[in-house]
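This report refers to the structure that appears directly beneath it.
Chain naming here is simple, since letters A, B, ... match the order of the sequence lines and numbering starts at 1 in each. These numbers come from a predicted model, not from an experiment. Side chains included, hydrogens not; waters and symmetry mates left out as well; all remaining heavy atoms used.
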Protein chains: 2
Amino acid sequence: MSEVTKPGGTRAIARDAVRARISEVAVDLFDEHGFDNVTVEQIAAAVGVSPRSVHRYFPAKEDTVIGDPAGWGEHVRDQLVARPSDEPIWDALLASYEALLATPGRNEAQGRKAMRILGSTPALRARNLEKHLLWAHLLTPIVAERLEGDHRGLRAEAIVQASLACFDIALTAWAEADAVESSVELLRRSFGALQPTA
Amino acid sequence: MSEVTKPGGTRAIARDAVRARISEVAVDLFDEHGFDNVTVEQIAAAVGVSPRSVHRYFPAKEDTVIGDPAGWGEHVRDQLVARPSDEPIWDALLASYEALLATPGRNEAQGRKAMRILGSTPALRARNLEKHLLWAHLLTPIVAERLEGDHRGLRAEAIVQASLACFDIALTAWAEADAVESSVELLRRSFGALQPTA
DNA sequence: CCACAAGTGGCAGAGACTGACAGATCAGGC
DNA sequence: GCCTGATCTGTCAGTCTCTGCCACTTGTGG
């Protein structure tokens, strides 16, 4: 998961590494003491950098847990546009999210820990929902293009937001349950809850 | 819309009035200058109280726009439990939200202004979605009770969150469009987007 | 080797929010 | 009318997040 920085160069590699390290340390500290009881200064000290630099890598403290929203959002969008245009929209969305969950390079334990912290702190939940809003802006136009009839914009928004809610619910359940079920399984089940007849 | 304070007494009335006044002034200022360009100090000065008092009425600056989340959430919940138990769940949810929109005492112009500000600032949208999360906690158990089969908890969550997304989308669209369509109409349409077959 | 870009740290400051304390204000009993 | 106690308010001091700004260091490419 490289960042937004220009791809080439050793500098970009170092940057990503530092970024990942800060995130890792922060999540561990949050997990142990709680999000509100850890200051940016403490995170910086634990990593070995100045507080100023932490804020250079992450505009907000919450982002150390959330990560890079735009990156994965664009990933989902790319998956969606690649689906055949005659596929039912819900199937296409489900497949796109599944592809995201199946992306390699995602640390299972770390991801679950981050998700658990995310669910425990209101401020973090809010920031996470903001990320979903950003995703929605990326996905809605694509969905709207596949719909027919009137009010496509409104309907597309409803479908996208509902699917994102399913995605969020599945991940939350996955983080809280003790690995007895895969995230993909939970995702399919939550999607199924909205289509009793189809 | 009285608050959480004990019902009786002139003091509670005064308290609600001050609270409403602060909210009104804040929304006007945000509307004119933008949410981020207005400080709590300015709001306090405009109302004629100290900044400390503003924070006494509203724990966070965002809450001056959002209002009291729990109050209306419980209202929706009460509506939902009052629906006949054999009614399809989506119909029951739709009716409950409609009842909320039809509640008297809601200032149309002020509500629309607040909604528009809410849509223009990411931090506010996120905080508003947090409110919906609180509502979801109230509604999910009731919905779960009406479902049958396995995984009722997860399915109930998906349904509730999806319906809340529809509610939010309808209100946002209502605030941005220029009154050409009623909020109830938009709500029904967004609900319809999720049930192409039913 | 040298110029230049990029990264870092320290500093100062704004703004949101909190706790503690003292004074003002109002309800209800006498 | 007046006192007592509860409630409300303002002031002050303080923490924490986040942002410019500037000087310094460290790599990168010519």
Integer-rounded Å distance: [N] [atom2] and [X] [atom1]:
{"X": "A:Tyr57", "N": "C:dG9", "atom1": "OH", "atom2": "P", "value": "9 Å"}
{"X": "B:Arg15", "N": "D:dA6", "atom1": "CZ", "atom2": "C1'", "value": "14 Å"}
{"X": "B:Ile13", "N": "D:dT7", "atom1": "CD1", "atom2": "P", "value": "17 Å"}

5' to 3', nucleotides 15-21 of chain D under a 4.0 Å protein heavy-atom cut-off (B base, S sugar-phosphate only, - none) gives -SSBBBB
Taking only residues two or more places apart in sequence, or in another chain, which ones meet [X] in a side-chain contact (heavy atoms from CB on, under 4.5 Å)?
{"X": "B:Ala123", "result": "B:Glu62, B:Thr121"}
{"X": "B:Ala156", "result": "B:Thr140, B:Val143, B:Ala144, B:Leu147"}
{"X": "A:Glu98", "result": "A:Leu94, A:Val184, A:Leu187, A:Arg188"}
{"X": "B:Ala99", "result": "B:Gln79"}

* Could you give all pairs that pass the side-chain hydrogen bond (donor to acceptor under 3.5 Å, both in side chains) test and reach residues 150-170 of chain B, with sequence neighbours left out? ->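 The answer is A:Arg189-B:His151, B:Tyr97-B:Ser163, B:Asn128-B:Asp168.
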Open item on the list: Test of understanding: with side chain to side chain donor-acceptor pair (under 3.5 Å), list the residues that count as partners of B:Arg83, not counting sequence neighbours.
Closed with: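 B:Glu87.
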* So does B:Ser53 get a side-chain nitrogen or oxygen closer than 4.0 Å to the phosphate oxygens (OP1/OP2) of D:dG10? -> yes
Determine whether A:Ser120 and A:Phe30 make a side-chain contact, defined as any pair of heavy atoms from C-beta on separated by less than 4.5 Å.
no
Output one line per pair: protein atom, nucleotide atom from nucleotides 25-30 of chain D, and distance, for all N/O pairs under 3.5 Å.
residue : atom : partner : partner atom : Å
D:dT28  : OP1  : A:Thr10 : OG1          : 2.4

* Asked: Given axes from five pairs at either end, by how many degrees does the helix from C:dC1-D:dG30 to C:dC30-D:dG1 bend, rounded to 10°?
  ->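 Rounded to the nearest 10 degrees, the bend comes out at 20°.
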Contacts of A:Arg52 that satisfy salt bridge (Lys or Arg N to Asp or Glu O under 4.0 Å) - sequence neighbours left out: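 A:Arg52 satisfies salt bridge (Lys or Arg N to Asp or Glu O under 4.0 Å) with no other residue.
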By salt bridge (Lys or Arg N to Asp or Glu O under 4.0 Å), B:Asp28 pairs with (sequence neighbours left out) B:Lys113
Applied to residues 120-141 of chain B, the ring-ring contact (aromatic ring centres under 6.0 Å, His included) test, sequence neighbours excluded, yields B:His132-B:Trp135, B:Trp135-B:Phe167
